[in-house]
Peer 1: 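Pasting a structure below so you can have a look.
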Amino acid sequence: MDFLKGLGAARLTAMIAVTAALIGFFGFVIMRVTTPQMTTLFTDLTMDDSAGIIKDLERQGIPFEMRNEGSVILVPKDKVTRLRMKLAESGLPKGGGVGYEIFDKSDALGTTSFVQNINHLRALEGELARTIRAIDRVQAARVHLVLPERPLFSRETPEPSASIVVRVRGSLEANQIRAIRHLVASAVNGLKPQRVSIVDEAGQLLADGTQTDIDQQVGDERRNAFEKRMRKQVEDIVSSVVGSGRARVQLSADFDFNRITQTSDRYDPEGRVLRSSQTREEQSATSESNGQVTVNNELPGNQQNQSPQQPKDQSKKTEETNNYEISRTTKTEVTEAGRVNRISVAVLVDGAYSKNEKGELVYKERSKEELDRIAALVRSAIGFDQKRGDQVEVVNLKFADAPTVPQINEPTGFLSMLNFTKDDVMYVIELAVMMLLGIVVVIMVVRPLVKKIISTEEIAAATPVPAITDETAQSQAHAQQTAALIDVAQVQGQVHAQSVHRVGELADRNPGEAAAIIRQWLAEPQQN
């Protein structure tokens, strides 16, 4: 207590403040170092999913952080995989909307058919929305289905339709839009892809649900795929000759998407077969009766006075009819859409580079023979057909910038173990900054304060102590008085040196006045 009273209130307060500051600073550093590294568990969460996940994390006692108003949740990095599996087992996150889990807790005994149909429609829409969100670039989706019932005594069944609203990162490609339409159409009974409309979050119509739109998309995708494949083939074969990055290829294909059906009949006159044959024969004869015409002769059954008569005229007629089948060939040709009418290819190649005696790169144009060989390779790669009107042009021009091939040296041996991720590097930098800050605080703040406190204690201890009879105590007191006198002499020497320094500065600033004062001192008579 005497020692504490001797320090004084000011020094005691300074020591307590320094101690509290050091404890707080090093406590913060220790807590920050020992705190586990946080990483993202889920992003783009709805309020319902965020609340369910936080409740589960609190029940397990796992630390977490929330960002972006709860849409992003961060957890310790070493527990991310296990937590995702655990939450997936519990059905989290649900992704917004209601799926088939709506039937898990429903009371089927007291539910009407109308409510069951509504729940089934909600579940189907929710499941389709979740499936669409699994597609790349799709952040959120909402599906509206119209499933009309067939009216009584009606022969026609109304067709179902669907409307989809998506929120995407960037823009969707044509094949992704068509995939969404076919996905929804395949999941709903009786729904056709033409009856599915898609709109993005900006209100832009991505698919209007017409047959022409689908046919156009299919044609564009087929042409783009063909051009991409042929362009890659040409680039590969040309780059292997002129070098990587020293060739530019542009390919355009003209497609005919009309479907043609042709039917032709061909008759072969030489190929005939007898189908039926008919023959008919007729005979007739006439005779004379001596020119006597009587009633008796004309009566039937009268054979009196009859004499043999000789025929006078005879005729015979034969008729034959033959029916033949002539061979006929019927040919039907159906030409599907998507025929290639013409292909045009433009190839731009860079020249050759070589180093001169000074080590500089010198450009050299390629010979006509080399360009003809490259053109021949291009024709073979695209299936050149002159009758179809294909065109191939190979031109040699100097590129504005010579292509450079980056060299990536992969670390081997011991360096391969130092493949830190971005999070690891940031964590190490954070620790280094904290350590550096701690060292600066100790050197710039703690050390001067401690030194000042120690020097004050030494001066207080150097004061004379009265009524000491022991010789050892007297020697210690004498030594302390000597040290105090030495300190006083040092202080006086410092004051004298400062005075001399100030006089020198004044002489430098006013040399004329200083010279006059010195002359006055020299002119004064000396006193013995």
Side-chain angles (χ1 to χ4, degrees), residues 132 134-138 168-183 185-186 193-194 196 198 206-207 210-261 333-352 366 370-397 399-406 408:
I132 294 173
I135 300 176
D136 189 20
R137 299 182 185 178
V138 178
V168 298
R169 295 185 297 269
S171 61
L172 292 177
E173 298 180 357
N175 57 348
Q176 291 178 321
I177 296 174
R178 191 161 61 92
I180 293 174
R181 300 179 73 178
H182 283 272
L183 174 67
S186 301
Q194 301 91 309
V196 179
I198 303 177
L206 303 179
T210 59
Q211 181 68 28
T212 306
D213 182 30
I214 292 182
D215 294 340
Q216 184 178 1
Q217 289 182 3
V218 173
D220 293 341
E221 290 179 7
R222 185 172 181 179
R223 182 176 61 253
N224 293 336
F226 177 81
E227 292 178 353
K228 183 178 180 181
R229 178 173 57 86
M230 299 300 294
R231 187 184 302 110
K232 186 177 183 303
Q233 292 179 0
V234 175
E235 286 181 351
D236 292 342
I237 194 170
V238 175
S239 298
S240 62
V241 177
V242 301
S244 178
R246 296 188 178 183
R248 302 292 184 268
V249 179
Q250 292 295 332
L251 187 143
S252 176
D254 182 15
F255 272 71
D256 183 8
F257 294 102
N258 296 325
R259 183 176 179 180
I260 301 175
T261 302
E333 294 182 355
V334 179
T335 304
E336 295 292 340
R339 298 184 307 276
V340 179
N341 291 335
R342 185 180 59 184
I343 300 177
S344 300
V345 185
V347 182
L348 176 64
V349 296
D350 195 6
R366 299 185 183 273
E370 188 176 1
L371 296 179
D372 293 339
R373 292 180 181 178
I374 295 175
L377 292 175
V378 174
R379 293 190 187 96
S380 300
I382 65 173
F384 182 82
D385 188 358
Q386 187 174 3
K387 297 180 180 179
R388 193 170 56 187
D390 295 348
Q391 295 181 355
V392 175
E393 292 291 340
V394 180
V395 180
N396 176 213
L397 292 175
F399 285 7
D401 297 328
T404 57
V405 180
I408 301 176

Peer 1: Could you walk me through whether Met230 and Val345 pass side-chain contact (heavy atoms from CB on, under 4.5 Å), step by step?
Peer 2: CA-CA 10 Å; Met230 299 300 294; Val345 185; over 6 Å; no
Peer 1: Determine, step by step, whether Arg229 and Lys232 satisfy the side-chain contact (heavy atoms from CB on, under 4.5 Å) criterion, reporting the C-alpha distance in whole Å, the side-chain angles of both residues, the deciding distance to 0.1 Å, and the verdict.
Peer 2: CA-CA 5 Å; Arg229 178 173 57 86; Lys232 186 177 183 303; 6.0 Å; no
Peer 1: Work out which heavy atom in Ser239 is nearest to a heavy atom in Ala247; give both atom names and the distance.
Peer 2: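 Ser239 and Ala247 have their closest heavy atoms at OG-CB, 4.4 Å.
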Peer 1: Could you tell me which non-hydrogen atom of Val249 sits nearest to which non-hydrogen atom of Arg231, and how far apart they are?
Peer 2: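 Heavy-atom minimum between the residues: O-CD, 3.6 Å.
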Peer 1: With the side chain counted from C-beta on, respond yes when Ile343 and Arg388 share a heavy-atom pair under 4.5 Å apart, and no when they do not.
Peer 2: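 Touching, per the 4.5 Å side-chain cut-off.
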Peer 1: When rounded to the nearest 0.5 angstrom, what is the spacing between CG in Leu397 and CG in Asp350?
Peer 2: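 Leu397 CG to Asp350 CG: 9.0 Å, rounded to 0.5 Å.
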Peer 1: Given Phe255 and Val340, is the side-chain contact (heavy atoms from CB on, under 4.5 Å) satisfied, shown in steps?
Peer 2: CA-CA 5 Å; Phe255 272 71; Val340 179; 3.7 Å; yes
Peer 1: Do Ile260 and Arg339 have side chains that approach each other closer than 4.5 Å (heavy atoms only, starting at C-beta)?
Peer 2: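 Heavy-atom side-chain distance check passes, below 4.5 Å.
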Peer 1: Which atom pair, heavy atoms only, marks the closest approach of Val234 to Ala381?
Peer 2: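 Smallest heavy-atom distance, with atoms named: CG2-CB, 4.4 Å.
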Peer 1: In Å, rounded to the nearest 0.5 Å, how long is the span from CD1 of Ile180 to CG of Asn175?
Peer 2: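 Spacing of CD1 (Ile180) from CG (Asn175) equals 10.0 Å.
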Peer 1: CD/Gln176 to CZ/Arg181 distance, rounded to the nearest 0.5 angstrom?
Peer 2: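 The CZ atom of Arg181 is 14.5 Å from CD of Gln176, to the nearest 0.5 Å.
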Peer 1: So how far is it from Ile177 CD1 to Ile198 CD1, rounded to the nearest 0.5 Å?
Peer 2: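 It is 6.0 Å, given to the nearest 0.5 Å.
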Peer 1: Which atoms form the tightest heavy-atom contact between Val349 and Asn396, and what is the distance?
Peer 2: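 Smallest interatomic distance, heavy atoms only, reads O-ND2, 3.0 Å.
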Peer 1: How many angstroms lie between CG in Leu172 and CG in Asp136, if you round to the nearest 0.5 Å?
Peer 2: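 One finds 9.0 Å between CG of Leu172 and CG of Asp136.
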Peer 1: Mind checking the CD-OG spacing from Glu227 to Ser344? Nearest 0.5 Å is all I need.
Peer 2: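 Reported to 0.5 Å precision, the distance equals 10.0 Å.
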Peer 1: So does Ser171 get a backbone contact from the side chain of Arg137, meaning a donor-acceptor N/O pair under 3.5 Å?
Peer 2: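 Yes: the side chain of Arg137 pairs with the backbone of Ser171.
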Peer 1: Going through the distances and angles, do Ile374 and Val238 end up as a side-chain contact (heavy atoms from CB on, under 4.5 Å)?
Peer 2: CA-CA 7 Å; Ile374 295 175; Val238 175; 4.1 Å; yes
Peer 1: Heavy-atom count check: over 12 atoms from other residues, nucleotides or ligands less than 6.0 Å from Arg342 CZ?
Peer 2: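 Atom CZ in Arg342 is not crowded, with 12 or fewer foreign heavy atoms closer than 6.0 Å.
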Peer 1: Search all heavy atoms of Phe399 against all heavy atoms of Gly245 and return the closest pair with its distance.
Peer 2: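 Closest heavy-atom pair between Phe399 and Gly245: CE2-O, 3.9 Å.
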